[in-house]
Amino acid sequence: MAANPTFQTPEIVVADEELHRKLEHMWSDPPGIHGWLGTTDHKKIGKRYLFTAFVFLIVGGLEALGMRLQLAQPNEHLLSPGLYNQFFSMHGFTMIFLYALPILSGFSNYLWPLILGTRDMAFPRLNAFTYWVFLLAGIFLYIGFWNGKGTDVGWFNYVPLAERAYNPDWNVDVYSLGMIFLGISTTAGAVNFIATMFRTRAPGMSISRVPIMIWGTLVSNIGILFAVPAVSLDFLMLWLDRRFGTQFFNPSAGGRPLLWQHLFWIFGHPWVYAIVLPAMSIVSQGLPVYCRRPLVAHSAVVLATILTMVLGFGVWVHHMFATGLPVIALGFFAAASFVIVIPSAVSVFAWVATIWTGRPVFTTAFKFFAAEIVLFVIGGVSGFMTAAVPLDWQLTDTYFVVAHLHYVLIGINVFPVIGGIYHWFPKMTGRMMNERLGWWNFWLMFIGFNLGFFPMHISGLEGMPRRIYTYPANLGWGDLNLVTTIGSFVFALGVLLFVINVVRSRIKGAPAPANPWDASTLEWATTSPPPSHNFTVIPQVASLDPLWEERLEGSRQSLLEEGPVLDHEHEIPGTTVLDAEPDVILKMPHATLAPISLALLIAGTFVGLLMSMWWVAAGCLLAMIPALLWWFWPSPELGFAERVRP
Amino acid sequence: MTAYEERTLPRALPIGPAGWRTPGWWGVLALIGTEAAVFAYLLFSYFYLQSQTTEAWPPSGLPPLRWSAPSTVAMLVSTATVWWADRGMRLGSLARLHSGLIVTVLLGICYIILQCFDWRGEPFLANSGAYGSLFYAITAFHVLHAAAGVLILLAALGWSAMGYITPRRNSVVTVVAMYWYFVVVAWIAVFISLYLLPWISTH
C-alpha cells in the first residue's frame, strides 16, 4: 500500500506522440457494452444528445406536416378533431422540451470542454445521467400516444380542462409525470454546466477571455435552475389534484385556476430565453469566423445576454393579458416586455456590424447564421407588437401568435442549430459537409420557412384562431392556408436534404483538417475528431482568440503545445472563478454503470406512479439509496483514502 | 519572461476532494439554488391563494405551535452542531467531526418526528381545501429535504469512520454541511410563513 498523495506539482512538458498515446489509452472507454452504456466521455454524450434531439425534431415535424395537410383546404377530414388535438399538443411539447433544449445541450456537451481547454465536464457521471434521463423521459412522454391517448390539451395544459373531471384518461397524467421526470435531466444538466464554467476552465482563461458560446449556455442554464422548479411544481400539483383529490386549482375549495397559468408562465417565458440564448451564442461564436474578424462588442453582447435572462423572469404575464388581471399588472408587464427588446437589439446590431466590417465568406454555415438575424428581427418585431396590451387582445389565440413563436423558435433555434452542425461537423467527425448540397439545403429551408410561416401573420390578422382542426370555406382563409402548407413541405424537403448531407458526408465527406475554417477558439486547436483526452497538454490561455493572436496582437501568447501534462489517472486542473488560476487538481471518474442504473430506477418510479403501482414506485425509490451510495462512494482513485494499492 | 511565470505554474496543488475547491461545492450550491426556488414557488402559491381568498385564512384557525416551535429550536441548534463538526474536522479532530455529525442527525430525526406529531394534530386533510393541500405540500416537501439531509449526514459519518474523509480530504463534509444549512434556512422561511405570520396578524 502506497500513500495517496494530497499534493502534486504538475509537470510542464512539450506534447509528443508517446504522451498522446498514453493519454488516449488512459481516457478511452473500456470495450464492449460496459463502455457503451457507462461512458462518461462528453463528446459521445454530446453526439447522443444531438442525434436523439434531432429524431424528436423529425417526429415533431411529421406531426406538424399532418396538421398542415389537414388545414390545407377548408372542411378537410384527414385528422379527426380528437387526433388533431393530440397532434398539436404533442408537436408543441416535443419541439419545445424534447428538441429545442436537448439539441443545444448536445452542442454544449460536445463543445464546452474543448472550448474551455479541458478534458471533460465538471461532473462526467452526471452528464451521462442527464442524457439517460432525457432519453427515458422522452420515451415516457410518448407512451400515451401509442395507444391513441396522447395528451390533447395543448403543451401549456391549462386547468380546469386538464383536471380529472374534464379529462379522465391517463394522457394528462403521462404528461404531468413526464414533465417532472424530464425536469430532473434539465436541472442536473444546468448544475453541470454551471460548475464546469466556474471551476474547470483552462489556466489563464480569465472571465474576460471566456468565449461567447460559453456565456450564452451558462446564462441559459442559470435561468433554467430557477425556472424549471416552477413548472415541475405546477405539474406535481396538477397530478396530486388528479390522483389524490387535492384542491390546488379547484375554485370551489379555495384553489385558483390562474395559479396554474402563473406558475406555468413564470417558467415558460424564461424557458424561451433558455432555448434561444445558447442558439444566439452559436451565431455569435460562428458568424465572426466567416466574417474573418472577432465579434464586434463582445463585452456588450455578454452583458446583453445576462440582462435578457434577468428581464426574462419579469415578463411572464404577457402570456396572460387576456385573463382579466388588474390594469396595473398589465401595464407593468407590457413595459417590461418592451424593455427586453433593448438587450436583444444589442446582439442584432453586433452581428450586423460584424458582417459589415468583416470580409464575409459565404459558406452554408454563414448563410444559416445570417438568416437567423433576419428571422430574429421579424420574430422580434411581431413579439414587440403583441407586447402592446390592446393589440394583444386582438391577436391573442390567433395565427399571428403562431407565426410569431415559429419565427422566434425556428428562426433563432433551428437555423443556428443547422448552421452550427455545418460549422462543427468537421470537428465532430473529421469530415467536411458537402457545400453544394448545403446550398440547396439552405435555400429550400429559408424559402420554405418564410413561405410557410409569413402568411400565418395575415391569416391571424384576418381572425383565424389557433388550435382549430378545420374552418368553413366562406371565411376566405383557404388560399393562405394552402400557401402555408406548400411552404411547410418545402421546408421539410430542406430538412431532408440536411439529413442526406449529414449521412453522406459522414460516410464519404472530404477529410477535415484540425482547423478547416481558420477559427480562433480552442476546440480548433486539437485534431478533428479530437482524441478521447481532448488535449495532450492542458492549454494556457492568454486572450479571447488564442488561435488568432499572431494576427491580432503580433505574436502568440497562449501556450498550446507546452503545458501541464496531468497524466496520473484522469486528471484536470481546477481553476479559480475570475482569474482561472489553477488551485487544485481534480480527479475525474471512469466509465460507470451507476448513472444509467439511477436513471432506470427513476423511470421505474415514474412508471409505478403512473400505473398506481405504489410498491413499484416505493421499491425503486428505496433502491436509489444504494445506487446513490455506489455512485458517490469515495474511491481512492478519486483522491479519497489515505493509502492506495501501488 | 514566459507565460508560465505569469501564471505561477508549476507549483504544488492540492489533489481531489479539498474543501470548497471541489466542483461538488458549486454543484451543491446550484442544487440549493434550484431547491430554494421550489420553496419560493410553493410559498408564492400559498400567498397567492391567501390574497385571492374571501374566507378566513387559515380556514381552520391558527396553526398550533405546540410541535412546530420545539422542532424549530431543534433545527436552529443543529446548525451550530454541524458547524462545530465541520470546523472540528478542519482543525484535525475526527472525534469532534463524528460527535457533531451524530448530534446533528439526532436533531434532524427529532425535527421529523415532531413534524409528524404536528400533522396528526391538524384538523384538516390535504384534500379538504386549497389551504390544506398547500400546508401539507409545503411541510411534506420540507420533511423530505430533512430526511435526505439526515441520510447524507449518515453517509458522511460512515465514510469518515471508514477513513475516506480526513482533514485534507474534507470536501464531503463541507458540502454536506452547506446542504444542511440550507435545510434549516428553508424551514425558517416555512415556519415564518405558515405558522408565525397568521399568529402575528391576529395578535
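Chain letters run A, B, ... following the sequence lines, proteins first and then strands; every chain starts at 1. Atoms considered below: every heavy atom in the structure, side chains included; atoms not considered: hydrogens, waters and symmetry mates. Keep in mind the model is a prediction, meaning the values are calculated, not measured.
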- [ ] Return the option, out of B:Thr53, B:Ile165, B:Leu49, with the maximum number of heavy-atom pairs under 4.5 Å with chain A.
- [x] B:Leu49

Task: Ring centroid separation A:Phe235 to A:Trp260 under 6.0 Å - done: yes

Task: Polar side chain donor-acceptor pair, A:Ser555 to A:Gln557, under 3.5 angstrom - done: yes

Open item on the list: Report which part of A:Asn4 has an atom under 4.5 Å of a heavy atom belonging to chain B: side chain, backbone, both, or neither.
Closed with: both

- [ ] Identify which part of B:Leu151 has an atom lying under 4.5 Å from any heavy atom of chain A, answering side chain, backbone, both or neither.
- [x] side chain

Open item on the list: Can you tell me which portion of A:Met237 sits under 4.5 Å from chain B's heavy atoms? Options are side chain, backbone, both or neither.
Closed with: side chain

TODO: Step through it carefully: locate the ring centre of B:Phe135, locate the ring centre of B:Phe124, and say whether they are under 6.0 Å apart.
DONE: yes

TODO: Against chain A, label B:Phe44 side chain, backbone, both or neither, depending on which of its atoms sit under 4.5 Å from a heavy atom there.
DONE: side chain

TODO: Go through A:Ile222, A:Leu263, A:Thr187 and name the one with the most non-hydrogen pairs under 4.5 angstrom from chain B.
DONE: A:Leu263

Task: N-O pairing of A:Asp583 and A:Arg199 below 4.0 Å - done: yes

Open item on the list: Quick check on A:Val577 against chain B: is it the side chain, the backbone, both or neither that has a heavy atom closer than 4.5 Å?
Closed with: side chain

TODO: Determine, for A:Lys587 against A:Glu571, whether the closest basic-nitrogen to carboxylate-oxygen distance falls under 4.0 angstrom.
DONE: yes

- [ ] Tell me, for B:Tyr48 versus chain A, whether the close heavy atoms (under 4.5 Å) come from the side chain, the backbone, both or neither.
- [x] side chain

Task: Residue B:Ala126 versus chain A: region with a heavy atom under 4.5 Å - done: both

Open item on the list: Counting heavy-atom pairs closer than 4.5 Å to chain A, which one of B:Ile152, B:Leu42, B:Leu125 comes out on top?
Closed with: B:Leu42

Task: Engaged part of B:Thr54 at the chain A interface, taking heavy atoms whose separation is under 4.5 Å - done: neither

TODO: Using non-hydrogen atoms and a 4.5 Å limit, figure out which bit of B:Arg21 sits close to chain A: side chain, backbone, both or neither.
DONE: both

Open item on the list: If only side-chain N and O atoms count, and only distance matters, is there a donor-acceptor pair under 3.5 Å linking A:His262 with A:Trp316?
Closed with: yes

- [ ] Tell me, for A:Thr6 versus chain B, whether the close heavy atoms (under 4.5 Å) come from the side chain, the backbone, both or neither.
- [x] both

- [ ] Among B:Ala30, B:Ser133, B:Gly16, B:Ser171, single out the residue with the greatest number of heavy-atom pairs under 4.5 Å to chain A.
- [x] B:Ser133

TODO: Tell me yes or no: between the side chains of A:Ser543 and A:Glu549, is some donor less than 3.5 Å from an acceptor?
DONE: yes

TODO: Report yes or no: do A:Thr118 and A:Thr200 form a side-chain donor-acceptor pair below 3.5 Å?
DONE: no

Open item on the list: For A:Phe129 together with A:Trp631, are the ring centres under 6.0 Å from each other?
Closed with: yes

Task: Contacting moiety of A:Phe123, where chain B heavy atoms sit under 4.5 Å - done: side chain

Task: Most chain B-contacting option - heavy-atom pairs closer than 4.5 Å, from A:Ala230, A:Pro636, A:Gly255, A:Gly254 - done: A:Ala230

- [ ] Please determine, by modelled atom types, if B:Tyr136 and B:Asn127 share a side-chain donor-acceptor pair under 3.5 angstrom.
- [x] no

Task: Residue part contacting chain B, namely of A:Leu258, when any heavy atom lies under 4.5 Å - done: both

Open item on the list: Tell me if the CH2 atom of B:Trp119 is crowded by more than 12 foreign heavy atoms within 6.0 Å.
Closed with: yes

Open item on the list: Can you tell me which portion of B:Val28 sits under 4.5 Å from chain A's heavy atoms? Options are side chain, backbone, both or neither.
Closed with: neither

TODO: Please look at A:Leu233 and chain B and tell me whether the side chain, the backbone, both or neither of the residue comes under 4.5 angstrom of a heavy atom of that chain.
DONE: side chain

Task: Winner by heavy-atom pair count (cut-off under 4.5 Å) against chain B, out of A:Leu586, A:Asp241, A:Leu259 - done: A:Leu259

- [ ] Compute the centroid of each ring, for B:Trp159 and then for A:Trp633, and state whether the two points are separated by less than 6.0 Å.
- [x] yes

Open item on the list: Ring centroids only, cut at 6.0 angstrom: are B:Phe39 and B:Trp187 within range, meaning strictly under it?
Closed with: no

Task: A:Phe249 versus chain B, the contacting section by heavy-atom distance below 4.5 Å - done: neither

Task: Leading residue by heavy atom contact count with chain A [cutoff under 4.5 Å; candidates B:Ala130, B:Gly132, B:Pro59, B:Ser128] - done: B:Ala130

